[in-house]
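Keep in mind that this is a model prediction, so the values were computed, not measured. In what follows, chains carry the letters A, B, and so on, assigned in the order in which the sequence lines appear, proteins first and then strands, with residues in each chain numbered from 1.
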Amino acid sequence: MNSLPVWPIMLPLGAALLAVIWPRRSAWIGIAAGLATLTAVGLLMAQVASRGTLVHALGGWEPGLGIALRADALAVALLLMSSLVALAAGWYATGYFRDADRQSQFWPIWLLMLAALHAMLLSADLFNIYVTLELLGLSAVALAALGGGRAAIEAALRYLTVGLLGSLAFLAGVAVIYARYGTLDMLTLAGLIEPEPASWLALALMTAGLLVKSALFPLHFWLPPAHANAPAPVSAALSALVVKAAVYLMMRLWLDLFAPALDPASAWLLGLLGAAAVLWGSWNALRAQRLKLLAAYSTVAQLGYLFIFFPLLAALPAGPARDTAFGALVLMALTHAFAKSALFLAAGMIQQQAGHDRIEELGGTARALPVTTFTLALAGVALIGLPPSGTFLAKWQLLSSAFALGQWLWVPVVAAGSLMAAGYMFRVLGFAFGPGDGAMQKLVDGREELPALLLAIVATAVLGLGAAALWAFVAPGALLMGAQR
Amino acid sequence: MLFAEITYALTGIGLFALGLRGALLRRSLLGRIIAINVCGAGVFMLFVAIAYRGPGQAPDALPHALVLTGIVVAVSATALALALGRRLRDSDHE
């Protein structure tokens, strides 16, 4: 019995408790836990690469009564993304929260969020996924409210109520599954699900819940205020990781568990909503007055691209073409996570130094904060989808699959979205490089700019140039549950 | 299908719909929080109905365990919502 999948969950969870017990050491505990988690994920990744998917029955209880953890290539790739982004954002947070009280409030909830996220990625039981979805939602809301201002608390409350309705819809879908199939273990379910009304009802309910959580247009309305008003490291994690979790579950359900029971045409609904999200989110990012609001609307748009992959993947028969498109979807999700967290951390740095994040008053930023401005530009490269970023390759694959399948509709959407992304990123850079009164305080410690820069470099260069390795790692597991049959 | 099971299931669906309507339409925060709890109770009722296995037979224990977990989650979520609501009210007085 291999217990490695337990550690990415237990390390942050244990550290969260320690951070409550020793509030004054919480930052050290958090960073140490982040490093340890990253190590555990690295070991897990090596095992999955050499031996394939790992399944671990928690406490030795076999599924049915017990809960299984399952680490496959997709889950591990996202685990690596989350532990890297969380480590960088946590490192940034040690400088961002100046007083000790804020640090001691931040770290326990932050670590709890990480534990919930990792438990969700590794869980192979539908009810356990509901529980982790709730834990993730609750800790994310608590983090979003840390800003303390009226706008932040209002946004957090809306985030909470909307999220709760979403998870209840998901739970109702779980109930339908149990009533029909008598099990919630996904490995058992994978061979059982039939194309029949009960399966479709369950999928519709779970999808409705997850669409709220993944902020797909038109259910995105809660995201911009919640992400824009949270403290910068929290915004980074919410935009990069927490919404991705719901997208990950959508991938598991639509492309994997329920795939045999679905008409490929039904995924068009997700694709169309995704296309609307790309256009609507980009348009609002273009019009945003504040940098963090721009970043939040850009998240709405970038999540839309992920959903455009669904009708393509549903239509592609199993084989190399589908594996390639699946790898592109994962690459797009990963690149967005690194680029968007870099953008939010850079925006937070500007907000702290200038006292505001109004885009039109950013003049002089390039002189006062050259590294941060460079980070903005690098993150922009990845968000627009210029080479050599991972987004460039992913969009390329998206377009070539669309051409191959004759799904022409997605081509103008991707083109328009990329143009608008260029528009909003160059608008920010235009003001940042423009003349300004230099109201910026001199940065005390240049090292504070480093985490965001590293994240942006991963998004733009590492994921783009190293994409082949990711593809080779993820693609063979593209038919996840199916491979187990 | 048995009368008791169907009654419970339909009540559950009715509560879910009622709660959903309240959560979307209510203006006051307290009203919305209560509506979400009603909505949750509807889902839990559905699980209770699923557990029924016919007269004279012990009910399926797993859905009951799930409902217990669900209640714990619902209570924590309600507590967080109320705490945030109080923070919001306090910020009005300042």
Could you look at B:I33 and say if it's the side chain, the backbone, both or neither that has a heavy atom under 4.5 Å from chain A?
neither

Part of B:I13 within contact of chain A (heavy atom distance under 4.5 Å)
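Neither part; nothing is under 4.5 Å.
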
Considering only heavy atoms, give the residues of residues 144-154 of chain A separated from chain B by less than 4.5 Å, sorted numerically, with 'none' for an empty result.
A:A145, A:G148, A:R150, A:I153, A:E154

Could you list which of residues 169-177 of chain A have a heavy atom closer than 4.5 Å to any heavy atom of chain B, in residue-number order?
A:A169, A:L171, A:A172, A:V174, A:A175

Quick check on [X]: does its [atom1] atom have over 12 non-hydrogen neighbours (other residues, nucleotides or ligands) under 6.0 Å away?
X      : atom1 : result
A:R102 : CZ    : yes
B:Y8   : OH    : no
B:R86  : CZ    : no

Against chain B, label A:V141 side chain, backbone, both or neither, depending on which of its atoms sit under 4.5 Å from a heavy atom there.
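Side chain of A:V141 only, per the 4.5 Å heavy-atom cut-off to chain B.
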
Honestly, the part of A:L135 sitting under 4.5 Å from a heavy atom of chain B is neither

Of all the heavy-atom pairs spanning B:A77 and A:L160, show the shortest one and how long it is.
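It is O-CD2, 4.0 Å.
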
A:W222: which residues meet the side-chain hydrogen bond (donor to acceptor under 3.5 Å, both in side chains) condition with it, sequence neighbours left out?
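A:W222: no side-chain hydrogen bond (donor to acceptor under 3.5 Å, both in side chains) contacts found.
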
Side chains of A:Y130 and B:L66, heavy atoms from C-beta outward: is any pair under 4.5 Å?
no

Is the shortest side-chain heavy-atom distance between B:L62 and A:F127 below 4.5 Å?
no

How many angstroms lie between CG in A:L165 and CD1 in B:I36, if you round to the nearest 0.5 Å?
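Nearest 0.5 Å value for the CG-CD1 distance: 4.5 Å.
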
Going by ring-ring contact (aromatic ring centres under 6.0 Å, His included), name the residues that satisfy it together with A:F97, two or more places apart in sequence or in a different chain.
A:F106

